[in-house]
Amino acid sequence: MEQYDHRKIEKKWQKVWEEENTFATDEDLSKPKSYILDMFPYPSGEGLHTGHVKVYTASDIYARYKRMNGFRVLHPTGWDAFGLPAERFAIKHKIHPRVAVDNNVATFKRQMKSVGFSYDWEREIDTTDPKFYKWTQWMFLKMYEKGLAYESYQPIVWCPTCQTGLSNEDLEGNACEICGTVAEKKLMRQWVIKITEYADRLVEDLDILKDWPESFKEAERNWIGKSEGSEIDFKIDGMDKKFTVFTTRADTLFGATYTVLSPEHKLVAELKSNITNWDEVLQYQKIAGEKTEIERTSEGKEKTGVKLEGIFAINPANQDKLPVFIADYVLVHYGTGAIMAVPAHDDRDYEFAKKFNLPIKVVIEPVTGEVKENEEKRKSIVAIVRDPKNGKILSLNWGEKFGGQLFIGGGIEDGENAESTAIREIKEETGYSEIRLVGTSETIHHHYFAHSKGVARNIDAIGLHFELIGNKQELTSQDESERGKFKVEWITEEEAEKKVSDPLHQYVFQKFIKNKVYTGNGILTESPDFSGLSSEEAKIKITKFVGGKMKTTYKLRDWVFSRQRYWGEPIPIIHCESCGVVPVPEKDLPVVLPDVKAYEPTGTGESPLADIPEWVNTKCPKCGGNAKRETNTMPQWAGSSWYYLRFIDPKNDKALVDEKKEKNWSPVDVYVGGAEHATRHLIYARFWHKFLYDLGIVSTKEPFMRLESVGLILAGGGVKMSKRLGNIVNPDEIVELYGADTLRIYEMFMGPFGQASAWDTKSIIGPRRFLERVWKLQEKISSDENYTESDNTIMVLNQTIKKVGEDVEEFKFNTAISQMMILVSTLESEENISHKSFNELLLLLSPFAPHFAEELWEIVGNEKSMNKAVWPIYDESKLTGGKVVIAVQINGKLRETLEFLSNVSEDEIKEAVMNSPRVKSWILDKKIKKTIYIKGRMFSIVLE
RNA sequence: GCCCGGAUGGCGGAAUGGUAGACGCUACAGACUUAAAAUCUGUUGGCCUAUAGGUCGUGUGGGUUCGAGUCCCACUCCGGGCACCA
């Protein structure tokens with residue numbers, strides 16, 4: 001027997017696969033299809049890393065498995081090669097990005113081939129290839145045609161030293177990562193895509209995606225941030241001007257005590273002549289404008305703003321005159337960029353109101369507890385008594401059964417008001433009477449079940465806040481029996497927050513002591529015709545009453561689709577001196593990126609393309625007059641938003657994808673990649689797909705039916721692999737030392753595919769030993785054609801076929817591998833093994849360790865190529881081996897295990913259990929209360 | 001602050017509400033060897049004990065259940081994402 005030499009074997013089979021084009025896509029339409037895709041790589045100069053190998057191995061195993069199961073499989077890859085890193089690299093090393101990308105691609109391709117991925121390389125695509133980006137540009141023109149692409153001035157983050165625009169990743173805090181200068185904002189003309197027009201469908205259709213992780217769908221929902229509310233107009237007092245606010249809480253309109261515009265709101269300038277503190281306003285606008293988003297948010301919760309002196313808005317509900325502020329906590333790009341502020345029922349408005357000393361008007365009465373049937377109405381009070389000397393609060397400890405820790409509560413009796421009730425209850429229950437009322441709450445509607453009385457109650461409670469002014473405590477004897485039920489305790493705020501679990505009492509505490517405002521829904525008060533309504537009802541009625549309209553808004557913003565960069569797809573637009581914006585005619589596509597020597601930033605913020613007059617200057621396709629080309633390029637996201645469609649028909653120069661072929665292969669059945677793409681890439685691609693669906697180019701609503709998320713590979717110690725820490729593992733070294741097959745198995749065996757796990761080079765030896773043991777098994781193959789292994793081995797073999805198949809379907813590669821290890825141990829314990837069993841083991845192993853399996857397949861004399869072989873089938877009747885082991889529990893504890901034939905009856909088991917000496921010794925003379933039998937698993941005895 | 005995950009031996013991890021720790025690594029002991037490596041065999045959660053057996057044990061505290069790593073409630077810690085979203 002020859003030694004297992006991975007270097008020889010892996011090269012040999014990679015050559016065979018390449019020469020025979022083994023993994024060319026099967027176009028036999030009689031077979032079911034499976035389109036298996038991983039998120040294609042960005043070919044960086046760093047080369048392939050272990051994380052790539054993890055994703056690509058998983059999809060490769062799945063693809064090979066599907067082929068063996070009779071599917072026609074599309075499993076391609078390509079290069080997402082436009083973007084900033086390549087351009088940076090080019091500037092730094094004076095290498096043209098085209099050259100750098102080609103070099104990097106060559107490295108990636110060599111590395112990927114060395115790991116043995118079964119891609120159909122004939123379908124390789126590259127987003128920077130004009131034949132590819134012709135179609136990216138074509139689709140941009142379609143979006144322009146449909147009114148989805150528009151020009152707009154948008155702020156970019158700008159480094160005044162580097163004279164270049166920065167992405168968020170280029171920022172270190174609020175400063176440029178490269179030179180350390182504090183970044184500014186600069187308004188640039190941008191192309192923007194109206195993705196918001198698809199927001200609703202992007203949310204709705206998440207329901208189609210049954211095989212996406214819930215966490216991805218939730219992340220998309222949050223990113224899109226759908227919110228239902230009302231738009232309501234506020235007139236400016238004494239002027240023919242108004243602004244619109246967006247609110248989800250129209251029910252609180254009567255509680256609005258001021259309004260806020262975002263500093264960038266266009267009405268501010270229109271009001272200039274009437275604003276008496278214009279200088280102050282201007283200065284605030286300037287400061288807010290200079291702040292980067294990071295600065296604006298890193299200042300914590302401290303609210304800032306400026307009142308527009310001389311300006312009042314009219315509350316359309318009650319015609320109150322409200323002050324108008326500008327403040328940067330109101331964002332220009334969300335809702336309408338203006339809010340009505342209701343400090344009594346919104347945390348931010350409350351903070352702002354406190355700081356600027358604005359009135360706070362309660363219009364919602366809280367509802368606590370849960371509404372029950374047949375409730376009895378009551379009126380009561382909850383009193384908080386605080387000792388200002390030590391901050392402690394008076395409480396009654398009723399014990400676990402009677403409500404636990406509470407403050408002082410009680411029913412309002414005839415002839416009493418809330419205050420007199422509270423004073424009486426405090427005196428009766430605690431003996432304190434030297435107190436002073438400092439606050440009274442609104443009515444609180446509390447629903448609860450009074451266990452002592454056996455009735456459901458709906459009480460209208462009033463909270464009262466007292467301060468202790470004297471320590472005199474007089475207890476009268478007639479109250480003693482009542483007082484025996486509880487203990488009077490002074491507790492700290494922390495204890496009160498933790499121990500008082502009753503929602504009503506906790507609410508009153510939060511209101512008075514923690515100064516919390518009530519932001520939930522409730523029942524309206526102080527809202528003339530609407531008082532007594534629920535929030536839900538009032539939202540609609542009040543909106544209607546003031547002539548507003550119900551409106552859905554999204555957090556999702558339109559997609560800024562241009563970059564002032566060289567290395568991207570040119571936006572196919574021409575600016576004509578007389579016709580204005582003219583799209584490049586389809587016949588002139590692609591607009592090829594010119595080959596230039598310099599691609600440094602221009603210093604004006606414009607794309608380097610702007611400095612190439614022979615490219616920029618052109619003739620208008622419409623009138624023939626002088627015109628200039630658009631010099632902005634597309635973002636890196638553009639190509640990756642539709643590349644999966646091009647794999648279906650990568651060489652087509654008539655269409656981005658042939659209609660028939662699209663129907664044959666779309667959609668992607670399994671898409672594998674990282675959770676960092678849960679929002680942007682996947683939302684952009686889903687949007688793009690829906691746009692193409694509307695054009696009739698694709699036949700499905702969604703591009704990716706199932707999504708498998710990969711977990712990070714961390715370095716030892718659970719930290720991220722990074723160049724800086726010098727802990728990056730290069731897959732080349734592992735392939736050289738242990739072999740690609742070992743690397744593949746190691747990465748799949750590390751842990752659950754979707755979970756992060758730490759690289760541990762010394763553990764790689766385990767998978768390598770496993771392969772060595774399989775290698776040695778070939779010596780045990782019996783020459784006797786009719787040789788059969790023991791029943792036990794047959795059982796394990798069948799179990800393994802079942803488990804590996806099921807686990808691969810579910811991307812549970814780690815447990816599939818451990819089951820194969822169990823099979824190998826079992827086969828090793830046999831004197832000899834059959835040719836058939838060994839072949840089946842190789843077939844199970846082949847998706848995981850393809851070179852290794854091919855070699856052994858050939859060595860043991862199989863005629864047909866392994867890649868034409870089919871996945872083994874297990875025999876249902878041989879999964880159990882005819883025996884069952886029954887665990888015996890007594891009072892829930894394992895006391896015995898007994899083995900039976902699998903056709904054993906419950907009575908036989910019971911008899912054997914009762915006769916077991918060990919069981920008898922546990923039962924002794926105790927009575928058996930009951931027995932429970934779980935078929936084929938366990939027998940449980942419960943003793944009295 | 002909000003959202004989403006997670007917590008099981010020395011380590012990576014396994015476990016349809018039913019024998020916790022499969023499988024692998026490490027470590028220890030033994031075999032082979034002049035020796036080492038490799039390989040093979042055995043042991044490897046703690047404690048008490050004889051290798052029988054017992055007892056504790058899946059981040060913490062409660063609960064449901066004959067039975068909880070798994071379900072429910074409250075909390076702690078760790079990781080990831082988002083950032084004043086009206």
Under a 3.5 Å distance rule, please check whether A:N891 uses its side chain to pair with a backbone N or O of A:L943 as donor and acceptor. yes

Donor-acceptor contact present, side-chain A:R744 to main-chain A:F848, <3.5 Å: yes

Crowding at NZ, A:K929 (>12 non-hydrogen neighbours, <6.0 Å): no

Dump the intermediate steps for ring-ring contact (aromatic ring centres under 6.0 Å, His included) on A:Y554 and A:Y334, then the final yes or no. CA-CA 8 Å; A:Y554 303 90; A:Y334 183 74; 9.5 Å; no

Please state whether the base of B:C84 and the side chain of A:K303 form at least one donor-acceptor pair under 3.5 Å? yes

Can you list the steps and then say if A:S825 with A:R773 is a side-chain contact (heavy atoms from CB on, under 4.5 Å)? CA-CA 9 Å; A:S825 298; A:R773 285 161 63 199; 2.9 Å; yes

Out of [options], whichever nucleotide has its closest atom nearest the side chain of [X]:
{"X": "A:V885", "options": "B:A86, B:U19, B:C25", "answer": "B:U19"}
{"X": "A:V330", "options": "B:A86, B:C3, B:C23", "answer": "B:A86"}
{"X": "A:D328", "options": "B:C82, B:G24, B:C84", "answer": "B:C84"}

Remember a base hit wins even if backbone is also touched, and classify [X] as base, sugar-phosphate or nothing at under 4.0 Å, heavy atoms.
{"X": "A:K555", "value": "base"}
{"X": "A:K893", "value": "sugar-phosphate"}
{"X": "A:T897", "value": "base"}

Whole angstroms only, please: what is the [atom1]-[atom2] distance between [X] and [N]?
{"X": "A:L823", "N": "B:G24", "atom1": "CG", "atom2": "C1'", "value": "16 Å"}
{"X": "A:D347", "N": "B:C2", "atom1": "CG", "atom2": "P", "value": "10 Å"}
{"X": "A:I822", "N": "B:A22", "atom1": "CD1", "atom2": "C1'", "value": "6 Å"}
{"X": "A:R557", "N": "B:C82", "atom1": "CZ", "atom2": "P", "value": "13 Å"}
{"X": "A:H333", "N": "B:A86", "atom1": "NE2", "atom2": "C1'", "value": "13 Å"}
{"X": "A:Y933", "N": "B:U19", "atom1": "OH", "atom2": "P", "value": "14 Å"}
{"X": "A:N891", "N": "B:G67", "atom1": "CG", "atom2": "C1'", "value": "10 Å"}
{"X": "A:Y738", "N": "B:C25", "atom1": "OH", "atom2": "P", "value": "12 Å"}

What pair of heavy atoms forms the shortest contact from A:T761 to A:Y738, and how long is it? O-OH, 4.4 Å

Would you name the heavy atoms of A:A219 and A:T679 that are closest together and state the gap between them? O-CG2, 3.7 Å

Per-nucleotide protein contact along nucleotides 69-77 of chain B, 5' to 3', at a 4.0 Å heavy-atom cut-off (B base, S sugar-phosphate only, - neither), is ---------

Given protein heavy atoms under 4.0 Å, the one-letter contact record of nucleotides 12-18 of chain B, with B base, S sugar-phosphate only and - none, is simply BSS-B-B

Going by the glycosidic torsion and a 90 degree boundary from 0, is the base of B:G9 oriented syn or anti? syn

Can you tabulate the close N/O pairs, meaning under 3.5 Å, that link protein atoms to atoms of nucleotides 44-54 of chain B?
| unit_1 | atom_1 | unit_2 | atom_2 | d |
| --- | --- | --- | --- | --- |
| B:G53 | OP1 | A:R918 | NH2 | 3.0 |

Ring geometry between A:F811 and A:F753 (parallel below 30°, tilted from 30 to 60°, perpendicular above 60°): perpendicular

Are A:K930 and B:C66 close enough that a side-chain N or O sits under 4.0 Å from OP1 or OP2? yes

Please tell me whether A:F852 and A:Y4 form a close aromatic pair, meaning their ring centres lie under 6.0 Å apart. yes

Atom pairs under 3.5 Å: protein N/O with N/O of nucleotides 36-39 of chain B:
| unit_1 | atom_1 | unit_2 | atom_2 | d |
| --- | --- | --- | --- | --- |
| B:U39 | OP1 | A:R769 | NE | 3.3 |

What residues form a ring-ring contact (aromatic ring centres under 6.0 Å, His included) with A:F325, not counting sequence neighbours? A:Y258, A:F352, A:F356

Would you mind listing every side chain to side chain donor-acceptor pair (under 3.5 Å) that reaches into residues 811-820 of chain A, with sequence neighbours excluded? A:T800-A:Q819, A:D807-A:T815, A:E810-A:K812

Position toward the 5' end of RNA chain B (nearest nucleotide), A:E214 or A:G335: A:E214

